[in-house]
Novice: 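The structure is given below, and queries will be raised subsequently.
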Amino acid sequence: MEKKDISSFLRGWCSALKSCSIEKIMAMYASDAFFLPTLSARIRRNSDEIREYFEFLVQLEPACTVQHENIRIFGDIAINSGAYTFYVVKGGDRAAVPARFTFVYHKKGDDWLIVEHHSSLFPDAE
């Protein structure tokens with residue numbers, strides 16, 4: 001896999017998120033994935049817990065755009081870190097939620113799956 005493929009995978013994740021299809025989103029995660037989500041303090045350690053988070057998130061009609069990414073590939077492991085902005089609907093208004101991310105992908109057979117995902121709000125400006 002090349003860097004452009006990893007970048008495309010991230011945009012596919014954003015597309016799945018915008019579709020609000022839990023099945024599309026979950027198909028991108030390994031069953032034993034570890035997830036530190038943006039809008040929850042609770043660590044997610046398996047598919048059921050990750051699904052629960054996305055069931056909450058899709059109610060906010062999420063979308064995301066990627067501003068920056070840094071991709072590194074190490075054989076059957078790829079890491080993509082950077083910045084994206086989430087857009088969610090709260091109280092009828094669309095709000096921007098700037099965040100930073102790290103996705104770790106592992107190639108299993110012919111598929112790349114997310115095995116670790118950390119997303120956090122940007123801290124206040126210094």
Side-chain angles (χ1 to χ4, degrees):
M1 181 165 275
E2 297 179 22
K3 287 183 178 184
K4 66 181 172 91
D5 299 317
I6 298 298
S7 182
S8 191
F9 192 88
L10 176 58
R11 279 150 184 80
W13 180 87
C14 287
S15 181
L17 187 67
K18 186 175 183 176
S19 78
C20 293
S21 168
I22 300 297
E23 297 313 314
K24 286 181 184 177
I25 297 166
M26 293 305 299
M28 302 182 86
Y29 286 84
S31 61
D32 60 348
F34 183 82
F35 182 29
L36 301 168
T38 316
L39 300 177
S40 172
R42 189 169 149 228
I43 295 170
R44 312 298 168 133
R45 293 181 171 89
N46 58 53
S47 291
D48 290 339
E49 292 176 356
I50 293 169
R51 175 181 295 276
E52 179 184 64
Y53 174 76
F54 284 114
E55 286 171 348
F56 150 76
L57 188 61
V58 299
Q59 295 174 37
L60 302 178
E61 302 174 39
C64 75
T65 58
V66 178
Q67 282 78 47
H68 173 77
E69 56 189 324
N70 180 51
I71 299 168
R72 292 159 292 149
I73 301 172
F74 306 97
D76 64 352
I77 299 288
I79 303 167
N80 192 355
S81 300
Y84 49 23
T85 301
F86 283 102
Y87 300 91
V88 296
V89 175
K90 286 185 158 185
D93 295 323
R94 185 163 288 284
V97 182
R100 50 198 172 178
F101 66 83
T102 298
F103 285 89
V104 179
Y105 309 103
H106 182 223
K107 188 171 185 182
K108 295 185 179 187
D110 292 333
D111 298 321
W112 286 84
L113 296 172
I114 300 164
V115 293
E116 190 152 331
H117 179 187
H118 177 194
S119 180
S120 58
L121 299 174
F122 271 107
D124 292 334
E126 295 177 14

Novice: Does Y29 belong to the same Ile/Leu/Val/Met/Phe/Trp/Tyr cluster as I79, with side-chain heavy atoms less than 4.5 Å apart forming each link?
Specialist: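 No, Y29 and I79 fall in different hydrophobic clusters.
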Novice: I'd like to know if K108 pairs up with D32 as an ion pair, taking the criterion as any Lys NZ or Arg NE/NH1/NH2 lying under 4.0 Å from an Asp or Glu carboxylate oxygen.
Specialist: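 Salt bridge present between K108 and D32.
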Novice: Is a side-chain donor or acceptor of S8 paired with a backbone partner of D5 at a separation under 3.5 angstrom?
Specialist: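 No, S8 side chain to D5 backbone: no donor-acceptor pair under 3.5 Å.
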Novice: For the pair E69 and K3, find out whether any cationic side-chain nitrogen is under 4.0 Å from an anionic carboxylate oxygen.
Specialist: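 The answer is no: the pair does not qualify as a salt bridge.
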Novice: Evaluate the side-chain hydrogen bond (donor to acceptor under 3.5 Å, both in side chains) criterion for residues R11 and S7: first the C-alpha distance (whole Å), next the side-chain angles of each, then the deciding distance (0.1 Å), finally the verdict.
Specialist: CA-CA 6 Å; R11 279 150 184 80; S7 182; 2.9 Å; yes
Novice: Do H106 and L113 have side chains that approach each other closer than 4.5 Å (heavy atoms only, starting at C-beta)?
Specialist: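 H106 does not reach L113 side chain to side chain.
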Novice: To the nearest 0.5 Å, what is the distance between OG (S81) and NE2 (H118)?
Specialist: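 Going from the OG atom of S81 to the NE2 atom of H118 covers 10.0 Å.
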Novice: Out of F103, F101, Y105, Y53, which residue meets the ring pair (Phe, Tyr, Trp, His ring centres under 6.0 Å) rule with H117?
Specialist: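 For H117, the ring pair (Phe, Tyr, Trp, His ring centres under 6.0 Å) check succeeds only for F103.
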Novice: Does I71 belong to the same Ile/Leu/Val/Met/Phe/Trp/Tyr cluster as V66, with side-chain heavy atoms less than 4.5 Å apart forming each link?
Specialist: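 Same hydrophobic cluster.
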Novice: When rounded to the nearest 0.5 angstrom, what distance separates CD in E55 from CD1 in I50?
Specialist: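 Going from CD on E55 over to CD1 on I50, the span is 12.0 Å.
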Novice: Would you say Q67's side chain and T85's backbone share a donor-acceptor pair under 3.5 angstrom?
Specialist: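 Yes.
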Novice: Tell me whether S47 contacts the main-chain N or O of S31 through its side chain, where contact means a donor paired with an acceptor under 3.5 Å.
Specialist: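 Yes: the side chain of S47 pairs with the backbone of S31.
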Novice: Side chains of L57 and L17: does their closest heavy-atom pair fall under 4.5 Å?
Specialist: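 Touching, per the 4.5 Å side-chain cut-off.
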Novice: So, the side chain of R44 versus the backbone of E49: is there a donor-acceptor pair under 3.5 Å, distance only?
Specialist: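 Pair found, side chain donor or acceptor close to backbone of E49.
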Novice: Any side-chain heavy atom of I114 within less than 4.5 Å of one from F9?
Specialist: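 The answer is yes, as the side chains (C-beta and beyond) meet within the 4.5 Å cut-off.
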Novice: Do the rings of F86 and W13 sit parallel, tilted or perpendicular, given the 30° and 60° boundaries?
Specialist: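 The rings of F86 and W13 stand perpendicular, inter-plane angle above 60°.
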Novice: Kindly compute the distance separating CD (E23) from CZ (R51), expressed to the nearest 0.5 Å.
Specialist: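 E23 CD to R51 CZ: 4.5 Å, rounded to 0.5 Å.
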Novice: Would you compute the distance between atom CD1 of I43 and atom CG of L36 and round it to the nearest 0.5 angstrom?
Specialist: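 So the CD1 of I43 and the CG of L36 are separated by 5.5 Å.
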Novice: Can you find a pair of side-chain heavy atoms, one from L60 and one from L39, that are under 4.5 Å apart?
Specialist: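 Heavy-atom side-chain distance check passes, below 4.5 Å.
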